[in-house]
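For reference, the structure is listed below as structure tokens.
We name chains A, B, ... by the order of the sequence lines, and we start the count at 1 in each one.
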Protein chains: 2
Amino acid sequence: MTIDQLDERPLWVQLAAILRERILAGEFEPRQTLPSESHLQQEHGISRGSVRRAIRALADEGYVVVRQGRGSFVAPREAWPEV
Amino acid sequence: MTIDQLDERPLWVQLAAILRERILAGEFEPRQTLPSESHLQQEHGISRGSVRRAIRALADEGYVVVRQGRGSFVAPREAWPEV
DNA sequence: GAGAATTTGTACGTATGTATG
DNA sequence: ACATACATACGTACAAATTCT
């Protein structure tokens, strides 16, 4: 799954879907850090603003906890939405 | 090929023909952006409304994909009409 | 402790496209 | 043809918090 400029969904929605999938697949363990914003920016070829919107969406859903100066962490499973 | 104000065809039909020709000639590659609306507007000396009608016509035909905040892209060849 | 590097937070400006009047 | 408002997206710069050397 990759970012597609021709996809009708906003870029940040596409990235949020990618990260959510990787979290649910167990690629990122709870309490572990996600890749940094600049890393995700370069990896997917989008702006940092779009990366931050995607992470904010996942934080609102409960999948991610963001801490200034430290990074973005996968939230404990208890914080995740009902499956 | 240029826009002719004395031509009986609407300006947007003329512009659509020009852009379609340039796309088919390979001047604009699939998945690449077209020139912006304001650029086309100045380049051909017509209104933005006429430019948008031309682009919409090409989008309806399948040659172009329009995405808010990103631009207008040349569609992949699979989306083009039969040649 | 000091300083550099990294990471997230905030605030702009610019460009583009959409929608409405 | 013009104006307005809004959403999306990119770029830049700097601040704040943390970590590393």
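Along DNA chain D, the nucleotide nearest B:I46 and the nucleotide nearest A:G45 are compared for position; the residue whose nucleotide lies closer to the 5' end is B:I46. If A:G69 and B:R70 are placed on DNA chain D by their nearest nucleotide, the residue sitting closer to the 5' end is B:R70.
For the pair A:D4 and B:R31, the salt-bridge criterion is met [side-chain N within less than 4.0 Å of a carboxylate O]. At a threshold of 4.0 Å, the pair B:E29-B:R22 does not count as salt-bridged, since none of the basic side-chain nitrogens sits closer than that to a carboxylate oxygen.
Pairing for D:dA1 is absent, with no Watson-Crick or G-U wobble pair whose two atom distances lie under 3.5 Å.
Across the protein-nucleic acid pair, B:R52 atom CZ and C:dA19 atom C1' stand 9 Å apart, rounded to whole Å. Note: CD (A:E37) to P (C:dT10) measures 11 Å, nearest angstrom. Look at CH2 on A:W12: it is 9 Å from P on D:dA9, rounded to the nearest Å. Per the geometry, CZ belonging to A:F73 stands 8 Å off P belonging to D:dT19, to the nearest Å. To the nearest angstrom, C1' of C:dT6 lies 12 Å from CD of A:Q68. Atom CG in B:L40 sits roughly 11 Å away from atom P in C:dT16 (whole-Å rounding). Atom CG of B:L11 is separated from atom C1' of D:dA1 by 14 Å (rounded to the nearest Å). Whole-Å rounding puts the A:R9 CZ to D:dA7 C1' distance at 18 Å.
Contact between B:W80 and B:G62 at its shortest, heavy atoms only, is CD1-O, 3.6 Å.
In this structure, A:S38 does not reach the C:dT6 phosphate: none of its side-chain N or O atoms is under 4.0 Å from OP1 or OP2. A sub-4.0 Å separation between OP1 or OP2 of D:dT8 and a side-chain N or O of A:S50 is absent. In terms of phosphate contacts, B:S36 brings a side-chain nitrogen or oxygen within less than 4.0 Å of OP1 or OP2 of C:dT16.
Contacts of A:R48 with the nucleic acid, taken as non-hydrogen atoms under 4.0 Å apart, include base atoms. Backbone-only contact: B:G71 has heavy atoms under 4.0 Å from sugar-phosphate atoms and none from a base. The residue A:R67 sits close only to the backbone: its heavy atoms come under 4.0 Å of sugar-phosphate atoms, none of a base.
Distance CG/B:L34 to OG/B:S72: 6.0 Å, rounded to 0.5 Å. Atom CD1 of B:I3 is separated from atom CD of B:Q14 by 5.0 Å, given to the nearest 0.5 angstrom.
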